[in-house]
Amino acid sequence: MAERSTAAVDVADNSDEASLTAQADQSTADGVAKNRERDTDSDEVQESTRTDGSGKSSPPELHSGHKLARRYRLEECVTRLDGFSSWRAVDEKLRRAVGVHILPADHSRARSVLAAARSSALLGDPRFVQVLDAVEENDLVYVVHEWLPDATELTTLLASGPLEPYDAYQMVSQVSSAMAAAHREGLAHLRLNPNAVLRASTGQWRIRGLAVNAALRGAASDTPQRTDTEAIGALLYAALTQRWPYESDAYGLSGLPKDIGLIAPDQVRAGVHRGLSELSMRALVNDGATASRHESPCTTPEELVKAIGEMPRIRPPEPAFTAPPEYQRTSYQQGTYGRQASHPGATQPVPSPPPPLQSRTGKALKWAVSALLIAALGLGSWQLADALMDQGGKNEDPGQTQTNDGNDKSPKKPASGKPITISGAHDFDPFGDQTEKPSDIGKVYDNSTATYWQTDFYLSADFGRLKPGVGIILDLGKTQQVGKVTVTFVGETSVELRSASADAGSEPTSFDAYAKVAEGTGTTVELKPGKSLKSRYLLVWLTDLPIQPDDGKWRGRVADIKVTS
C-alpha cells in the first residue's frame, strides 16, 4: 500500500499544481450529483447511529474540513450507518477526489474491514474501483478508494428506463468477467447491487466495494460464488425490465407482483432480447427453480462468462443520422437584397440595359484603349522575334552540341511506397476480457489525427501487470506486399508490428499466430519489416503505455495508422 501511495505522490509533484487543484475541485463538485457513495437498500436508514448488543460502536464525531493523516480532507458525509460513515474527500497531496470509509478501531468489524480492503487492493484489477489506502490511526480505521466523478450508477441509469440490449450485454459481460477474476483470487463481493455498479463516460463498467462493502455490513455466505452470480442475474433482470426480480421494491425499482413467482424478463416487458432474458434466468438460480425452457443454471461467475461466450455477440446499434434541413437560399442569393419585396399580382418592370458609350467622353475613352492594345501587341511581337533569332544563333554554333549519354548526375526523387487501403480493423485483447473499446476502432484509419481509439486505463505503464498488451488487427482485404506501417499515438508508446502468415486463409484468432516483424517507441512510429513481408492480416500490438496528462492514467491512444507497400 505504501508503494502505491509513494508512486502517486511522485506523479503529482511533477505536475502543474494549479491545474491539478482545479481538477480536484471540479471532480468533487461533479461527484456530488452523479456518484454518491452508497450501498444501502431502500428500507435502510442512513442516519442510524444506534449501538446494540452486536458490538457496533457509535461513529466517530467527524465533520467537513476534518483531515485524516494530514492529507485527506473530508468534504461531505454521504452515508452514516451501523457505526461507520462514508465520505467524499479530497486527497490534498494528489489534488484529486477520493472516497473514505471511517469506523472506530474498536468496532466489531474493524479488523475484517482492514483485511478486506488490503486484499482488494492487492487484486489491482482496473474493472474494480481501486482501494488506495487502508490505515488504522488515532483510534480510527479508514479505507480510502477512488472517486469517479464521470461515472454513473446503474440505479441512476435505470431511473430513466431499461437499458438497450447492447448496453445490457456489455454490462453483464464486463461484470461477470470481472467477478470471475476476483473469485479466482479468493475474493467475493456479496453486496453486488445497482448502487455498486458504475458506468464510466468511456462506456466501461466498474464495480465498487469488492469485499469491503460486505465487511462493513458483516455480510457472509457459505456459497459466495453462487451469491455473486445470482446478484449478477438480478442486475441483468433489472437492466432489461426496469423491475427488481423479487417481490419487494428496492433501489428505486418496483418488485414483481406478489404470488406469481419469478417470471422471465421477456414475459414482463415486450421487446426484451430473448438470449439475455434466458441468461438472466440461468443466473437467478433461486435454489434451482428455473423455468423448464431454460438451460442448466449458472452457479458461478465463470459459468456465466462461458454462457455469455456461447451467445451470438450483440452488435452496437447503428448511429442514427438525421437528414439536413432543405437548403434555403438567402435573399441576397435570390437577387432581392436591397430591393423592395414584390407584391403578388403586380407587374415588375424589366430594367433596360444601359446605353452604349455614345457621348464625346465615351468615344475618346474607346480610342485610347484601342491605341494601348495596338502598342502592347507591337512590343510583344518584337520581343518574341528577337528571342527566336537569338535561340537560332545558339543552335547554329558548331562548338555546342547536346548529348544525352545516360550519365546525368542530377538527383532523382526516390520512389515512395503506394498506400494500402485498410478494409477493416477490430480490437484484440486475448489476455483480458476479449474486448477493448471496440466502438471507437474505426478512428484509427479515418485519415484524421484529431480522433483516436484508446485502451482501458491501467495502474502502470505495463498494463498494471495484468497482461502483456492489447492491440488492433488490420485487414488489408487481400494478401499484399507490406513495406511500412506508420502509427501515430497520443503520448510516447511502445509498439510491435506482428503479421499473420501469407497463406492464412482466414483471420487467426490466437496471439501466437502473429509473428513479430518490427518494433519501436515514440509518438509517430514507422514500423519497417527487416525482410520482405506479404500478408493480409497485421497486428499492431501495444506493449508499454504512456500516462495521459488529461486524466493522469496510463492508457494507449492510437490516432492514425497508415500502411504502404
Side-chain angles (χ1 to χ4, degrees), residues 34-36 38-39 41-42 127-129 148 151-180 189 191-209 227-257 262-286 290-291 294 297-298 301 303-305 307-309 311-317 433 435 438-439:
K34 288 187 177 180
N35 194 7
R36 307 283 295 183
R38 58 181 181 177
D39 182 34
D41 296 332
S42 59
R127 293 171 292 190
F128 295 92
V129 174
L148 306 177
T152 308
E153 292 178 356
L154 180 59
T155 307
T156 304
L157 295 173
L158 294 180
S160 58
L163 299 186
E164 294 295 326
Y166 175 75
D167 293 330
Y169 172 79
Q170 287 294 317
M171 185 273 293
V172 72
S173 299
Q174 295 181 32
V175 171
S176 298
S177 60
M179 289 309 305
H189 197 292
R191 296 284 300 178
L192 200 56
N193 55 51
N195 291 336
V197 178
L198 316 171
R199 185 173 69 181
S201 59
T202 59
Q204 181 187 18
W205 292 87
R206 307 282 300 277
I207 301 173
R208 179 169 61 195
T227 299
D228 283 342
T229 306
E230 184 171 347
I232 297 172
L235 293 174
L236 180 57
Y237 196 104
L240 295 173
T241 64
Q242 203 185 9
R243 299 288 293 267
W244 194 236
Y246 304 101
E247 290 186 353
S248 59
D249 299 346
Y251 311 106
L253 302 172
S254 300
L256 296 179
L262 180 65
I263 56 176
D266 55 3
Q267 296 177 0
V268 175
R269 176 176 167 268
V272 172
H273 188 278
R274 178 69 176 272
L276 293 176
S277 176
E278 294 188 357
L279 186 68
S280 68
M281 294 296 288
R282 293 178 65 184
L284 280 168
V285 178
N286 268 6
T290 57
H294 299 298
C298 298
E303 292 178 0
L304 196 55
V305 170
I308 294 170
M311 287 177 54
R313 190 171 182 177
I314 300 176
R315 298 292 178 181
D433 59 359
T435 181
S439 60

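- One finds the CG atom of Leu284 at 8.5 Å from the CG atom of Leu236 (value rounded to the nearest 0.5 Å).
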Side-chain donor-acceptor pairs under 3.5 Å in residues 166-173, sequence neighbours left out?
residue	atom	partner	partner atom	Å
Gln170	OE1	Gln174	NE2	3.1
Ser173	OG	Tyr169	O	2.7

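- Nearest heavy atom pair, residue Leu262 against residue Pro245, reads CD1-O, 3.7 Å.
- No side-chain donor-acceptor contact under 3.5 Å links Thr241 to the backbone of Val268.
- Between Leu158 atom CG and Trp244 atom CH2 the span is 9.5 Å, to the nearest 0.5 Å.
- Atoms CZ and CG, from Arg191 and Asp228 in turn, are 12.0 Å apart once rounded to the nearest 0.5 Å.
- Contact check for Arg208 versus Glu153: side-chain heavy atoms found under the 4.5 Å cut-off.
- Under the side-chain hydrogen bond (donor to acceptor under 3.5 Å, both in side chains) criterion, Gln242 pairs with no residue, sequence neighbours left out.
- Shortest non-hydrogen contact noted between Ile263 and Met281 is O-SD, 4.0 Å.
- Leu256 and Arg243 make their closest contact through CA-NH2, 3.8 Å (heavy atoms, listed as atom of the first residue, atom of the second, distance).
- Contact record, Pro194 with Leu235: N-CD2, 3.5 Å, taken as the closest heavy-atom pair.
- Although no hydrogens or angles enter the test, the distance criterion places no donor-acceptor pair under 3.5 Å between the side chain of Arg274 and the main chain of Asp266.
- Nearest heavy atom pair, residue Leu198 against residue Ala151, reads CB-CB, 4.0 Å.
- At a threshold of 4.5 Å between non-hydrogen side-chain atoms, the residues His273 and Pro265 do not count as touching.
- Contact check for Asn195 versus Tyr251: side-chain heavy atoms found under the 4.5 Å cut-off.
- Side chain of Arg269 to backbone of Leu240: a donor-acceptor contact under 3.5 angstrom is found.
- Side-chain N or O atoms of Arg206 include one that pairs as donor or acceptor with a backbone N or O of Phe128 at under 3.5 Å.
- If you take CD on Glu230 and CG on Leu192, they are separated by 11.5 Å, rounding to the nearest 0.5 Å.
- Pro301 has its side chain out of reach of His189: every pair of non-hydrogen atoms, C-beta onward, lies at least 4.5 Å apart.
- In plain terms, the two heavy atoms of Leu304 and Ser176 that are nearest each other are CD2-OG, 3.3 Å.
- Rounding to the nearest 0.5 Å gives a distance of 7.0 Å between OG1 of Thr155 and CG of Leu253.
- Here the CD1 atom belonging to Ile232 is positioned 7.0 Å from the CD1 atom belonging to Ile207, to the nearest 0.5 angstrom.
- Every side-chain hydrogen bond (donor to acceptor under 3.5 Å, both in side chains) that Arg127 has, sequence neighbours left out, goes to Asp125, Ser177.
- Glu164 CD: 12 or fewer foreign heavy atoms inside a 6.0 Å radius.
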